[in-house]
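All chains are named by letter (A, B, ...) in the order of the sequence lines, taking the proteins before the strands, and each is independently numbered beginning at 1.
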There are 2 protein chains.
Amino acid sequence: MREGPDIARIAALVADPVRSSMLLALMDGRALTATELASLSGVTKQTASGHLAKLVDGEVLAVEAQGRHRYFRLAGAHVAALIEALMVFSSDAASPVRTGPKEPALRKARVCYDHLAGEMGVALYDRAREAGWLTDDLGVTEVGWSRFSAIGVTPDSLPRSNRPPCRACLDWSQRRHHLAGLIGKATLDRLFALSWARRLPASRVVAFTPEGERRFREWIG
Amino acid sequence: MREGPDIARIAALVADPVRSSMLLALMDGRALTATELASLSGVTKQTASGHLAKLVDGEVLAVEAQGRHRYFRLAGAHVAALIEALMVFSSDAASPVRTGPKEPALRKARVCYDHLAGEMGVALYDRAREAGWLTDDLGVTEVGWSRFSAIGVTPDSLPRSNRPPCRACLDWSQRRHHLAGLIGKATLDRLFALSWARRLPASRVVAFTPEGERRFREWIG
DNA sequence: ACGATGGTTCGGCTATCATCGAACCATGAG
DNA sequence: CTCATGGTTCGATGATAGCCGAACCATCGT
């Protein structure tokens with residue numbers, strides 16, 4: 001009869017036990033893959049795929065493709081707020097989810113295509129965002145160029161390409177963004193050139209030297 | 001698989017279009033009857049009854065019986081918070097609902113069993129709560145007794161009875177509580193005795209005299 | 001006591017939707 | 001190129017739940 005905001009539509013998306021368990025698993029802001037969410041919720045991947053499609057369609061989840069993986073995360077803080085409002089009704093708290101790769105070395109630093117990933121990569125990206133090296137739409141600021149120049153990454157040194165100079169890439173182990181794009185590649189190249197780190201053979205592990213790690217952390221501040 | 005808080009259960013209660021429309025109608029804190037909610041949501045009373053039972057069972061709504069009526073209201077502020085969190089997803093705002101009796105005189109003041117209802121009754125109750133005449137569990141404070149004594153309602157004047165001295169009664173037109181119980185009755189009796197108001201014949205209307213209304217408002221502060 | 005009204009219960013119909021098997025598409029590794 | 005893996009689409013099945021007609025119970029007013 002009366003028409004108000006269509007709160008039933010969103011509520012219905014949360015009302016399914018499988019979907020709600022997915023949302024709870026994503027409450028810490030990480031991004032998980034479809035199969036992870038499937039096994040986590042105890043359904044087959046087809047079923048999970050259907051649920052995830054609904055959630056993305058309803059703009060409750062955001063999705064980011066990464067090679068043959070698709071990482072799903074909450075669409076925003078308002079989604080988390082909604083889940084919290086629902087959790088008020090049941091007093092017991094949620095239990096966290098274990099995740100991530102096994103090898104600590106991979107967790108710490110590795111190559112993602114051609115740029116730095118893992119804890120170190122995420123630290124770089126976080127720092128760059130928070131210290132104003134980058135704008136919200138991932139442009140490089142004055143401050144940013146001066147910082148990147150400090151390790152030899154200058155505008156002139158970047159190859160001419162239609163590839164975006166700076167891109168955020170979703171991190172596999174940290175489930176957060178790290179720095180990708182031309183600058184991401186150039187930065188990783190410089191880490192090798194400066195001998196702050198080297199790539200272990202037959203592996204994606206990026207091994208920092210003690211001195212290299214100290215310098216790196218010093219550089220990002 | 002994993003067990004967290006059962007947010008799906010509450011979400012499912014909101015997920016139905018009929019139930020969500022009921023909840024939206026109750027967002028202003030008023031209490032509505034089952035039939036009102038039924039016609040408001042465009043379903044028959046049987047259907048509405050089923051929905052309301054579910055909502056009450058899930059502790060999303062609270063119900064208060066009043067003769068042959070049952071007044072439903074949100075179970076608490078946390079329910080309103082939940083609805084708000086859901087409304088964030090759709091930008092357009094809710095539209096209010098019209099309600100209430102037709103006769104303005106009845107709206108203003110009338111007898112509810114043996115005590116005062118309507119705008120004047122609600123005003124008394126609100127004022128008594130906010131000025132500390134009553135405790136949270138509806139006991140009468142020192143201040144309260146001194147105020148009630150001012151119009152001749154004293155502890156000694158109340159009849160010995162197992163009926164609670166002070167009770168909150170849900171108001172029909174205002175959809176808020178007014179003052180009931182022994183004190184409610186005694187107060188109304190004094191209004192008539194003091195000639196601040198009189199009861200219209202063959203009606204529930206309580207007609208205040210201009211002087212009486214002035215004195216009444218002065219009394220409650 | 002009786003009718004009118006508010007509200008609930010019951011039973012059957014129907015529609016929606018979650019689920020999974022199977023087949024299919026896309027990407028990455030060797 | 002070929003295989004393995006992540007993910008989606010399709011179709012059939014089964015369960016859930018909303019809906020209303022009809023009957024029933026309770027309360028109010030006269």
Side-chain angles (χ1 to χ4, degrees), chain A residues 1 8-9 11-23 31-58 61 63-72 99 101 110-114 117 169-170 172 201-204, chain B residues 1 8-9 11-22 31-58 61 63-72 99 101 106 110-114 117 170 172 201-205:
Chain A
M1 195 116 298
R9 203 184 110 263
L13 288 175
V14 188
D16 182 85
V18 172
R19 286 195 293 265
S20 74
S21 110
M22 290 172 166
L23 292 173
L32 299 176
T33 65
T35 38
E36 273 175 321
L37 288 166
S39 81
L40 204 90
S41 309
V43 293
T44 61
K45 49 186 176 152
Q46 314 92 285
T47 304
S49 179
H51 286 305
L52 290 169
K54 280 190 172 69
L55 289 171
V56 170
D57 183 63
L61 291 187
V63 64
E64 203 159 339
Q66 190 93 128
R68 57 179 166 181
H69 296 270
R70 299 188 72 196
Y71 286 91
F72 295 88
T99 175
R110 67 180 174 280
V111 171
C112 175
Y113 296 106
D114 55 7
C169 180
L170 193 61
W172 163 64
S203 148
R204 289 184 183 169
Chain B
M1 193 115 298
R9 203 185 108 261
L13 288 175
V14 189
D16 182 84
V18 172
R19 286 195 294 265
S20 73
S21 111
M22 289 172 167
L32 299 176
T33 65
T35 39
E36 272 174 322
L37 289 165
S39 80
L40 205 88
S41 309
V43 293
T44 61
K45 47 186 177 153
Q46 314 92 285
T47 304
S49 178
H51 285 305
L52 290 168
K54 281 190 171 70
L55 289 170
V56 170
D57 182 65
L61 290 188
V63 63
E64 203 159 337
Q66 190 93 128
R68 57 180 167 180
H69 296 270
R70 298 187 74 196
Y71 286 91
F72 295 88
T99 175
L106 275 178
R110 67 181 176 279
V111 172
C112 174
Y113 297 107
D114 55 6
L170 194 60
W172 164 64
S203 149
R204 290 184 184 170
V205 171

Answer whether the closest heavy-atom distance between the side chains of B:V63 and B:L55 falls below 4.5 Å. no
Nucleotide D:dT16, atom P - distance to CG of B:L13 in whole Å: 17 Å
According to a strict under-4.0 Å criterion, is B:T47 in side-chain N/O contact with OP1 or OP2 of D:dG18? no
Expressed in angstrom and rounded to an integer, what is the separation of B:R9 atom CZ from D:dT16 atom C1'? 17 Å
Is there a side-chain contact between A:R70 and the phosphate of D:dT8, meaning an N or O under 4.0 Å from OP1 or OP2? yes
Looking at A:S49, I'd like to know whether one of its side-chain N or O atoms comes within less than 4.0 Å of OP1 or OP2 on D:dT9. no
Is there a donor-acceptor pair closer than 3.5 Å between any side-chain N or O of A:R19 and the backbone N or O of A:L13? yes
Whole Å only: how far is the CG atom of A:L55 from the C1' atom of D:dT8? 16 Å
Measure from the side-chain heavy atoms of B:K45 and tell me the nearest of C:dT19, D:dG6, C:dT8. C:dT8
OP1 or OP2 of D:dC19 versus the side-chain N and O atoms of B:H51: is any pair under 4.0 Å? yes
Show, in sequence, the C-alpha distance, side-chain angles and deciding distance for A:L52 and A:L37, and conclude whether the side chain to side chain contact (heavy atoms under 4.5 Å, CB included) test is met. CA-CA 9 Å; A:L52 290 169; A:L37 288 166; 3.8 Å; yes
How long is the line joining CG of B:D16 and C1' of C:dA15, in whole Å? 13 Å
Could you tell me the separation between the OH atom of B:Y71 and the P atom of C:dG6, rounded to a whole number of Å? 11 Å
Can you measure B:L40 atom CG to C:dG6 atom C1' for me and round it to whole angstrom units? 17 Å
How long is the gap from OG on B:S49 to CZ on B:R70, to the nearest 0.5 Å? 7.5 Å
Kindly indicate whether the side chain of A:Q46 and the base of C:dG21 share any N or O donor-acceptor pair separated by less than 3.5 Å? yes
B:T35 has its side chain closest, among C:dG7, C:dT19, D:dC19, to C:dG7
Quick check on C:dC25: is either OP1 or OP2 less than 4.0 Å from any side-chain nitrogen or oxygen of A:R68? no
Side-chain contact test, heavy atoms from C-beta onward, threshold under 4.5 Å: evaluate it for B:Y71 versus B:T33 and give yes or no. yes
In whole angstrom, give the distance that lies between atom NE2 of B:H69 and atom C1' of C:dA4. 12 Å
Strictly below 4.0 Å: does A:K54 bring a side-chain N or O up to OP1 or OP2 of C:dC17? no
Rounding to a whole Å, what distance do you find between A:M22:CE and D:dG7:C1'? 12 Å
